[in-house]
Chemist: 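Let me begin by handing over the structure; questions about it come next.
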Amino acid sequence: MAKPFYRLQRFLRRTQLFLLFLGVAYIMAGSVLLLQRSSLVVSQRGGGALPPLPSLPSPPRALEAPASRPFLRAPPGVDEMPDGRPGPRWLASRNLEIRRLRRRWFHSLMSERDTPRVDHSPMQRKVHHKGTYIGCFLDDAKGRALKGAVFYDFRKMTSTMCQDTCSESGYQFAGLEYGSECYCGNRVGSSRVREEDCNLDCKGERGSPCGGVGRLSVYKVEEMLPGQRRFRNVRYRGCFEMPSDPTAAFLFHATQWNLTLQSCIEACTDKELPLAVLRRPDCYCGFASLSFSLQCPVPDQHCTLANTSMPPAPPDSRFFQVYQTPVQDSRCTEREFLPEKSSRLVALSSFPGAGNTWVRHLIELATGFYTGSYYFDGTLYNKGFKGEKDYWKSGRTICVKTHESGRREIEMYDAAILLIRNPYHSLMAEFNRKCAGHLGHASEQHWKSKEWPEFVDSYASWWASHVLDWLHFGRRLLVVHYEGLRAALVPQLRSIAAFLNTSASEERLLCAESNQDGHFKRPGGRQADFNPFTPEMKQLIDGYISAVDQALREGNHTRLPQEYMPR
């Protein structure tokens with residue numbers, strides 16, 4: 001009896017081991033298949049140096065609308081939608097599944113583009129620097145060592161990059177702090193501290209000192225002879241009437257009979273002043289102020305020095321040309337998170353391409369507080385939008401960027417600033433961003449490809465539905481038109497600051513006006529007559545414009561500017 005029992009016991013033990021072996025083999029086989037699948041996805045995403053614009057997601061055939069669908073034509077009127085909100089019946093045909101597909105494509109494109117690429121190349125410990133290293137200096141928000149321009153790169157900052165940036169902007173000194181922040185100036189305004197205090201390496205250059213906590217590693221950039229310096233970001237602001245007392249309105253004045261535009265800009269840049277005011281032989285430098293505002297330009301024919309090769313103008317001192325120097329207005333560069341967490345969540349909502357980043361830049365300049373984002377964009381974080389990495393519900397930012405629509409996404413916010421821009425300009429701006437980033441331009445191949453009409457067909461309806469959703473579900477709205485903000489910047493910023501329950505001093509408002517473009521305007525735009533829209537596209541978009549304008553009128557909001565209206 002014992003012998004059969006012993007044999008049964010041995011059999012069960014062997015069976016247990018065999019089953020354990022089968023389980024381990026099954027798990028290993030599943031892991032191998034999973035790794036193969038993930039590597040296949042990575043290889044599919046990673047090929048080509050210049051990947052084409054991802055194709056728009058096509059709706060399922062059951063959801064596709066034939067060309068005869070009413071919403072593809074300009075709608076004859078506005079009816080009630082199935083969910084009870086006012087709006088065109090042709091927008092109801094946009095199935096929820098299509099919106100989810102488009103949103104998923106939008107988010108995946110942003111996350112793939114902003115994922116940092118890891119560089120596995122070995123870092124050199126001995127780094128050769130341009131310019132001359134001056135030393136380690138004290139630096140804090142109340143007393144900056146260098147009071148000129150400020151730049152950020154939280155992943156690839158190097159001393160050479162900082163020095164080149166400051167040199168191109170006309171500065172003599174470059175300073176690095178926290179391993180990623182670059183400050184420029186023409187004089188060092190703080191005391192020297194121990195070299196051991198500058199103990200942080202540059203993010204993109206291991207072994208190179210990039211300041212420390214409240215400490216600045218300062219370099220003297222390479223010398224350039226007067227007249228050979230080339231400045232970037234010099235911009236003509238227009239012709240203005242001179243204030244009654246120019247000596248009180250400006251901080252610097254020089255008289256030179258052979259004065260040129262270049263020499264006046266160099267003088268104002270050396271003084272670290274953002275405005276160069278020119279009428280030969282006089283050159284004034286200063287800030288925009290209550291005594292001299294940039295809000296009321298006059299026709300250019302009043303200024304006779306449009307060309308510096310012309311002979312001196314008649315002795316009429318009433319009108320002067322005004323240029324923006326490369327120097328940033330330092331009165332509003334300091335920003336911080338809210339000192340106390342806000343219990344009210346405010347959205348800054350817009351359709352993509354409507355200027356959301358530009359308005360965030362203006363709000364931060366005017367209020368001094370960071371703005372947040374429902375997403376994370378590494379490019380914007382590197383531009384100094386530190387709220388990008390903050391949790392969007394933290395309550396530490398003054399408002400939160402979002403492109404979302406739909407009742408659930410909208411009702412998460414207690415209030416919202418709804419930014420609206422001409423859909424023709426918005427569509428072109430968003431297509432440029434998707435093809436070439438925040439400051440780039442799409443190529444001729446992109447505009448002529450099939451991706452452009454597919455983009456318009458998908459995104460034009462999104463422009464309309466985004467506004468209609470926020471008008472219907474938004475709890476408390478401030479409607480801001482992009483074109484109106486450009487035309488009357490300071491009054492509009494006052495309204496926005498009041499809506500956000502914060503104050504914006506006159507000095508910060510004037511500073512925001514002086515720095516209004518920042519680094520967020522595409523340089524060298526297309527010709528004014530460039531028009532990639534076909535008659536069919538215009539008919540489609542004009543129908544959406546009429547529907548949105550009617551919804552704004554019924555909600556007692558400011559209607560669309562006249563230039564939007566179908567022609």
Side-chain angles (χ1 to χ4, degrees), residues 56 65 67-81 85-94 98-99 102 349-356 358-359 403-406 410 416-433 447 452-474 477-487 492 526 528-567:
L56 287 161
S68 60
R69 274 279 181 89
F71 78 93
L72 290 180
R73 301 192 302 269
V78 178
D79 303 318
E80 187 175 314
M81 297 184 70
R85 55 177 171 159
R89 186 164 302 185
W90 39 269
L91 272 181
S93 61
R94 288 182 67 257
I98 300 178
R99 179 186 294 179
R102 184 188 294 118
S349 176
S350 72
F351 174 78
N356 199 302
W358 176 62
V359 176
H403 298 309
E404 302 299 312
S405 57
I410 293 172
I417 299 170
L418 179 59
L419 177 64
I420 305 175
R421 186 183 184 186
N422 188 321
Y424 288 100
H425 299 158
S426 293
L427 291 170
M428 292 178 64
E430 178 62 5
F431 192 70
N432 278 322
R433 187 193 69 83
W447 293 109
W452 168 241
E454 290 177 352
F455 177 89
V456 172
D457 185 58
S458 177
Y459 270 58
S461 61
W462 185 8
W463 177 86
S465 65
H466 179 275
V467 177
L468 294 175
D469 282 353
W470 279 92
L471 290 176
H472 181 65
F473 297 117
L477 283 182
L478 173 66
V479 175
V480 176
H481 296 287
Y482 175 93
E483 291 75 13
L485 185 60
R486 276 221 171 269
Q492 292 276 359
R526 288 203 174 258
D529 58 349
F530 177 72
N531 186 0
F533 298 95
T534 63
E536 293 77 13
M537 293 178 184
K538 291 180 180 180
Q539 183 180 8
L540 175 69
I541 296 171
D542 287 348
Y544 297 148
I545 289 175
S546 298
V548 168
D549 185 64
Q550 182 170 342
L552 287 170
R553 183 182 63 225
E554 292 174 353
N556 293 322
H557 296 288
T558 306
R559 296 180 60 181
L560 297 179
Q562 190 62 34
E563 64 180 85
Y564 286 31
M565 296 299 105
R567 292 168 296 280

Chemist: Search all heavy atoms of Ser405 against all heavy atoms of Trp470 and return the closest pair with its distance.
Modeler: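 Closest approach of Ser405 to Trp470: CA-NE1, 4.1 Å.
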Chemist: Could you give the distance from CG (Leu471) to NE2 (His466), rounded to the nearest 0.5 Å?
Modeler: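 If we round to the nearest 0.5 Å, Leu471:CG and His466:NE2 are 10.0 Å apart.
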Chemist: If you apply the rule side-chain contact (heavy atoms from CB on, under 4.5 Å), what do you find for Val548 with Trp463, and how did you get there?
Modeler: CA-CA 9 Å; Val548 168; Trp463 177 86; 3.6 Å; yes
Chemist: Between Thr558 and Leu552, what is the shortest heavy-atom contact and its length?
Modeler: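 Where Thr558 meets Leu552 most closely, the heavy atoms are O-CD1, 3.7 Å.
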Chemist: To the nearest 0.5 Å, what is the distance between CG (Asn432) and CG (Leu427)?
Modeler: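 CG of Leu427 is found 11.0 Å from CG of Asn432.
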Chemist: How far does NZ of Lys538 sit from CD1 of Ile545, to the nearest 0.5 angstrom?
Modeler: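 One finds 11.5 Å between NZ of Lys538 and CD1 of Ile545.
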Chemist: Kindly determine whether Val359 and Val480 satisfy side-chain contact (heavy atoms from CB on, under 4.5 Å), including the steps that lead there.
Modeler: CA-CA 10 Å; Val359 176; Val480 176; over 6 Å; no
Chemist: Evaluate the side-chain proximity of Pro423 to Phe351: yes if any heavy-atom separation is below 4.5 Å, no if none is.
Modeler: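 Not in contact.
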Chemist: Please check this pair: side chain of Ser458 against backbone of Phe455, looking for a donor-acceptor N/O pair closer than 3.5 Å.
Modeler: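 It does not hold such a pair.
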Chemist: Give, for atom OG of Ser349 and atom NE2 of His403, the distance between the pair rounded to the nearest 0.5 Å.
Modeler: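 Between Ser349 OG and His403 NE2, I get 8.5 Å after rounding to 0.5 Å.
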Chemist: Answer yes or no: is there a side-chain heavy-atom contact under 4.5 Å between Ile541 and Val456?
Modeler: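 Heavy-atom side-chain distance check passes, below 4.5 Å.
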Chemist: Phe431 and ring pair (Phe, Tyr, Trp, His ring centres under 6.0 Å): which single residue from Phe533, Tyr424, Trp452, Tyr459 fits?
Modeler: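 Passing option: Trp452.
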Chemist: Work out which heavy atom in Ala354 is nearest to a heavy atom in Tyr482; give both atom names and the distance.
Modeler: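 Between these two residues, the closest heavy atoms are O-CD1, 3.3 Å.
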Chemist: To the nearest 0.5 Å, what is the distance between NE2 on His481 and CG on Asn422?
Modeler: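 Reported to 0.5 Å precision, the distance equals 11.5 Å.
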Chemist: Distance check, rounded to the nearest 0.5 Å: Ile420 atom CD1 versus Ile417 atom CD1?
Modeler: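 Answer rounded to 0.5 Å: 12.5 Å.
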Chemist: Determine the minimum heavy-atom distance between Asn356 and Ser350, stating which atoms define it.
Modeler: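 Scanning both residues completely, I find the closest heavy atoms to be ND2-OG, 3.0 Å.
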Chemist: For the residue pair Ala460 and Tyr544, what are the closest heavy atoms and their distance?
Modeler: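 In this case the closest contact between Ala460 and Tyr544 is O-CD1, 3.4 Å.
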Chemist: Shortest non-hydrogen contact from Ala429 to Arg421?
Modeler: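 It is CB-NH1, 3.7 Å.
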Chemist: If the threshold is 4.0 Å, N to carboxylate O, is there a salt bridge linking Arg433 and Glu430?
Modeler: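 Salt bridge present between Arg433 and Glu430.
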